[in-house]
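Scroll down for the structure; my scribbles are underneath it.
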Amino acid sequence: MFGCYKKSIILYCLHRIADERTVYSVFHLLNGKKSSQTIQDAFLFQLTPFFRVYPSMTRLQFDQHLTEMTKEKWILEYEPSQYRLTDLGREALKEQLKKQPLPVNLNGWKYHQLSVVFWERLSLLVQVISNLMYSNSKYLPIQRKKETHLWLKQFLQDTKMDRQVLAQKVFNEVVDCLENSTSIQPEFLISRLTGAETIGLTKEQAALQYSMDQDYFELQFQSILHTMLTVIKEKPVQLPLLNKVIQSAETEFTMTVSAQRTEELLQQGFTIEEIATFRKLKRNTIEDHIVELALNKPDFEIGRFVTDKNVAEIAEAVKKVTSKQLKHIKTIVPHAQYFEIRLVLAVFGDSL
């Protein structure tokens with residue numbers, strides 16, 4: 001019915017934003033646009049798993065999906081660039097997610113960059129170790145990046161293990177990672193690994209072998225990598241070799257440069273208005289930066305911007321509404337500013 005799992009993801013995201021944003025906020029989210037608004041949307045609408053899961057999708061392709069779903073009467077454009085799901089669309093999404101559920105361990109926000117490096121290193125490491133065991137020096141490396149090759153050379157020098165021992169230890173650690181979760185299918189990753197006597201499948205070949213939509217296979221594959229990264233970070237001592245694979249590759253998401261500049265000025269004691277004037281930006285833009293800071297800083301102090309009384313009232317309002325749409329919360333606490341509501345959601349959203 002869908003023919004392309006991207007449509008399921010777009011429908012799901014549209015359902016989550018529920019008339020609060022234009023449809024292109026979904027495009028920017030899936031593309032991984034590094035802007036304050038996209039970052040906030042990911043958190044506000046609980047869409048962080050899908051941040052940058054489709055980085056190569058073009059605007060033209062996205063528009064084509066919208067056109068196809070409009071023809072299917074799954075979505076309706078009620079204002080320019082504003083779409084909502086129809087009853088038919090909601091039912092179609094529900095049925096599709098029954099057949100192909102969303103990967104539960106997907107974490108695009110946290111791992112979209114690190115997982116790329118992790119896969120490049122891990123796949124090359126497995127290939128090289130396998131060929132070392134067979135004393136085979138004539139093969140084409142599965143990864144071509146010079147920095148990945150330099151990393152592997154340094155890795156082998158640092159470990160200084162017998163090739164048989166190294167192979168067994170890497171195998172054991174990978175198994176430990178993959179057995180840690182019952183919600184992933186390890187064979188998806190195994191099928192893509194290349195060894196001395198085995199050629200790993202491409203994403204397209206693997207999707208075909210498992211009779212899956214290519215986009216869905218890609219999400220499942222990313223979910224496996226994200227699961228492994230979570231386990232490695234939780235058990236670095238028990239998984240020393242895999243932990244070494246991700247060392248010096250900590251490329252997790254960082255704040256926008258503009259938000260970092262605002263943070264510097266806040267730390268110097270400047271007010272929002274002073275920063276806006278100094279930087280020649282709108283107050284709303286500085287407020288966006290502050291919300292971004294709140295999302296990225298576990299120790300963020302909210303008291304400078306929202307009174308304890310308003311924090312309590314907003315938190316109580318959030319518990320009463322069926323969704324975290326700002327306009328619904330605002331009706332319950334009309335005296336609170338939208339900025340204050342966004343900030344409370346940024347700091348306490350997951351616990352409300």
Side-chain angles (χ1 to χ4, degrees), residues 1-55 57-97 102 108 215 281-289 291-292 295 314 317-318 320-334 336-343 345-346 349:
M1 178 175 66
F2 272 73
C4 173
Y5 200 73
K6 281 193 183 81
K7 294 179 188 176
S8 301
I9 300 300
I10 294 170
L11 275 182
Y12 179 81
C13 292
L14 279 174
H15 177 65
R16 295 293 306 178
I17 66 174
D19 301 346
E20 288 282 316
R21 298 284 186 271
T22 71
V23 71
Y24 292 106
S25 66
V26 173
F27 172 71
H28 295 318
L29 174 82
L30 300 179
N31 246 197
K33 183 179 180 181
K34 196 173 180 181
S35 70
S36 291
Q37 187 63 64
T38 301
I39 294 167
Q40 291 166 50
D41 286 348
F43 279 88
L44 179 61
F45 301 109
Q46 299 176 319
L47 293 171
T48 51
F50 307 103
F51 186 86
R52 210 169 189 272
V53 293
Y54 295 126
M57 180 171 56
T58 66
R59 176 79 169 254
L60 184 63
Q61 291 170 334
F62 184 78
D63 286 341
Q64 181 60 37
H65 293 318
L66 293 181
T67 299
E68 292 171 0
M69 290 190 291
T70 300
K71 288 182 179 178
E72 293 284 352
K73 297 183 179 180
W74 293 340
I75 57 176
L76 172 69
E77 186 176 21
Y78 60 96
E79 287 183 13
S81 299
Q82 294 272 4
Y83 288 78
R84 63 168 60 111
L85 272 65
T86 62
D87 290 341
L88 192 61
R90 282 188 286 272
E91 187 60 32
L93 177 62
K94 182 180 178 181
E95 289 302 313
Q96 180 66 7
L97 295 184
L102 298 172
D215 295 320
L281 296 172
K282 294 180 180 179
R283 179 187 174 91
N284 287 348
T285 302
I286 304 304
E287 290 178 348
D288 284 346
H289 293 163
V291 174
E292 186 180 340
L295 291 168
I314 293 169
V318 172
K320 292 179 180 178
V321 296
T322 55
S323 73
K324 294 181 180 179
Q325 292 182 42
L326 302 184
K327 61 183 180 183
H328 292 165
I329 301 169
K330 177 76 169 172
T331 59
I332 300 176
V333 279
Q337 299 175 15
Y338 278 111
F339 167 56
E340 293 178 313
I341 297 172
R342 289 163 57 210
L343 206 48
L345 286 172

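On a predicted model such as this, the values are computed, not experimentally measured, just so you know.
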Residues L345, L44; criterion side-chain contact (heavy atoms from CB on, under 4.5 Å); working and verdict: CA-CA 7 Å; L345 286 172; L44 179 61; 3.2 Å; yes

When you compare the side chain of L11 with that of H15, does any pair of heavy atoms fall below 4.5 Å? no

Step by step, would you call Y338 with K327 a side-chain contact (heavy atoms from CB on, under 4.5 Å)? CA-CA 8 Å; Y338 278 111; K327 61 183 180 183; 4.3 Å; yes

Note, I314 side chain near I329 side chain (heavy atom, < 4.5 Å): yes

Indicate the atoms forming the closest heavy-atom contact of L93 with S8, along with that distance. CD1-O, 3.5 Å

Atom pair NE2/OG1 of H65 and T70 - distance to nearest 0.5 Å: 12.5 Å

Minimal non-hydrogen separation, L14 against Y83, with atom names: CD2-O, 4.2 Å

Are the side chain of Q337 and the backbone N or O of I341 linked by a donor-acceptor pair below 3.5 Å? no

Does any non-hydrogen side-chain atom of P49 lie less than 4.5 Å from one of L102? no

Which value, rounded to the nearest 0.5 Å, describes the distance between T38 atom OG1 and Y24 atom OH? 14.5 Å

Donor-acceptor contact below 3.5 Å, side chain D288 vs main chain Q37: no

Atom pair OG1 (T285) and NE2 (H289), whose distance is rounded to the nearest 0.5 Å: 6.0 Å

Show the numbers, then the answer: is there a side-chain contact (heavy atoms from CB on, under 4.5 Å) between L30 and I9? CA-CA 9 Å; L30 300 179; I9 300 300; 3.7 Å; yes

For the pair R90 (side chain) and L85 (backbone), establish whether a donor and an acceptor sit closer than 3.5 Å, ignoring hydrogens and angles. yes

Nearest atoms (heavy-atom pairs only) where L295 meets Q40: CD1-CA, 3.9 Å

Would you call F50 and I10 a side-chain contact if the rule is heavy atoms closer than 4.5 Å? no

Say whether, by atom type as modelled, one donor and one acceptor occur between the side chain of T86 and the main chain of K73 under 3.5 angstrom. yes

Audit row: Q64, L60, side-chain contact (heavy atoms from CB on, under 4.5 Å) steps and yes/no: CA-CA 6 Å; Q64 181 60 37; L60 184 63; 6.0 Å; no

How long is the straight-line distance from CG of L326 back to OG1 of T331, given to the nearest 0.5 Å? 11.0 Å

Compare every heavy atom of Q82 with every heavy atom of T22, then report the nearest pair and how far apart it is. CG2-NE2, 4.0 Å

Nearest 0.5 angstrom please: L88 CG to I75 CD1, how far? 11.5 Å

For F45 and R21, which heavy atoms make the closest approach, and how far apart are they? CE1-CG, 3.9 Å

N31 side-chain N/O to Y54 backbone N/O, donor-acceptor pair under 3.5 Å: yes

Taken in chain and number order and not counting sequence neighbours, the residues that satisfy side chain to side chain contact (heavy atoms under 4.5 Å, CB included) with N284 are E287

Do L47 and Y12 have side chains that approach each other closer than 4.5 Å (heavy atoms only, starting at C-beta)? yes

Heavy-atom closest pair, residues F62 and V23: CZ-O, 3.5 Å

Roughly how far apart are M69 CE and E77 CD, rounded to 0.5 Å? 12.0 Å

